Amino acid sequence: MMNLFLTLLDSEEEKSKFEKVYEKYRKLMHYVAKGILADDQLAEDAVQEAFFRIAKNFYKVGEIDCPQTKNFVVIIVRNAALTIVKKEETASSIEEIDSLSDGEVRQDDSTFEKVEISELIGEILNLPETYRYPLYLYGVYDYKMAEIANLLGITTETAKKRVQRGRQILRNNLEKGV
């Protein structure tokens, strides 16, 4: 399976780096996926799907041994596992999504200018999971909505709405503390 992932990468340097990421985080990712899915085979499927998503977006991975990379791989495997959970469920509700352009999500907000970056990231990490991961990928990693949707296994419109709602919750939390 590793060879499949490596074919998605261009240079030998990227391939070597990917192998290191794979070896470093594979067990952690399996642990996270199994915690959600409670099944070894499904957990392994989630890990493989996560590594596929990571390989497709590998240019976004910085250092191997850093908290950002660890958070990144955990977010990806968690969402891959949740996608599997959704597929396993026979009855699921469909979320209604309002249209929202990228420009509207990135609107200027003086509330965010008044806080330190570390405080802002801390507040993002305290958001409910539904909003935390899309907003973290958007704000910290500067991912586009389509990339976030692809990584999290959701539609672009859902990603936009979650970022918008996450920003609103974050804004309210910061205004209370500012």
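Treat the numbers as computed from the prediction; the structure is a model and nothing was measured.
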Quick one: pull up CD1 in Ile169 and CD in Glu123 and give me the separation to the nearest 0.5 Å.
12.0 Å
Do Ile75 and Arg132 come close enough that some side-chain heavy atom pair is under 4.5 Å?
no
Mind checking the CZ-OH spacing from Arg167 to Tyr138? Nearest 0.5 Å is all I need.
6.5 Å
How long is the gap from OH on Tyr133 to CG on Asn71, to the nearest 0.5 Å?
8.0 Å
Quick one: CG on Asn57 to CD1 on Ile76, what's the gap to the nearest 0.5 Å?
7.5 Å
Please report the closest heavy-atom contact between Ile84 and Leu42, naming both atoms and the distance.
CD1-O, 3.7 Å
Could you please spell out the steps behind the side-chain contact (heavy atoms from CB on, under 4.5 Å) verdict for Asn126 and Asn173?
CA-CA 10 Å; Asn126 288 327; Asn173 291 347; over 6 Å; no
For Met29 against Ile54, the heavy-atom pair lying closest together
CE-CD1, 4.0 Å
Roughly how far, to the nearest 0.5 Å, is the OH atom of Tyr143 from the CG atom of Leu137?
6.5 Å
Is the positively charged end of Lys70 above the ring of Tyr25, judged by distance under 6.0 angstrom from the centroid and angle within 45° of the axis?
no
Is the Phe58 ring parallel, tilted or perpendicular to the Phe18 ring (thresholds 30°, 60°)?
perpendicular
Going through the distances and angles, do Leu151 and Asn79 end up as a side-chain contact (heavy atoms from CB on, under 4.5 Å)?
CA-CA 8 Å; Leu151 289 169; Asn79 283 287; over 6 Å; no
Taking every non-hydrogen atom, the tightest pair across Arg53 and Leu152
NH1-C, 3.7 Å
So, do Ser11 and Lys15 sit near enough that their side-chain heavy atoms are less than 4.5 Å apart?
no
Does some side-chain heavy atom of Ile148 sit less than 4.5 Å from a side-chain heavy atom of Thr156?
no
Who passes side-chain hydrogen bond (donor to acceptor under 3.5 Å, both in side chains) against Asp39, sequence neighbours left out?
none
Can you tell me how far CD of Gln48 sits from CZ of Arg26, rounded to the nearest 0.5 angstrom?
9.0 Å
Taking all non-hydrogen atoms of both residues into account, name the closest pair between Ala43 and His30 and its distance.
CB-CE1, 3.7 Å
If every non-hydrogen atom of Val47 is compared with every non-hydrogen atom of Ala33, which pair is closest and at what distance?
CG2-CB, 4.4 Å
Taking the six-membered ring of Phe72 (Phe, Tyr or Trp), confirm whether the NZ or CZ of Lys60 is under 6.0 Å from its centre and within 45° of its axis.
no
Less than 3.5 Å apart, any donor N or O on the side chain of Gln164 or Gln168 sitting next to an acceptor on the other?
no
Taking C-beta and beyond as the side chain, do Glu44 and Asp40 meet within less than 4.5 Å on heavy atoms?
no
So which heavy atom on Lys17 is nearest to which on Val61, and how close?
NZ-O, 2.9 Å
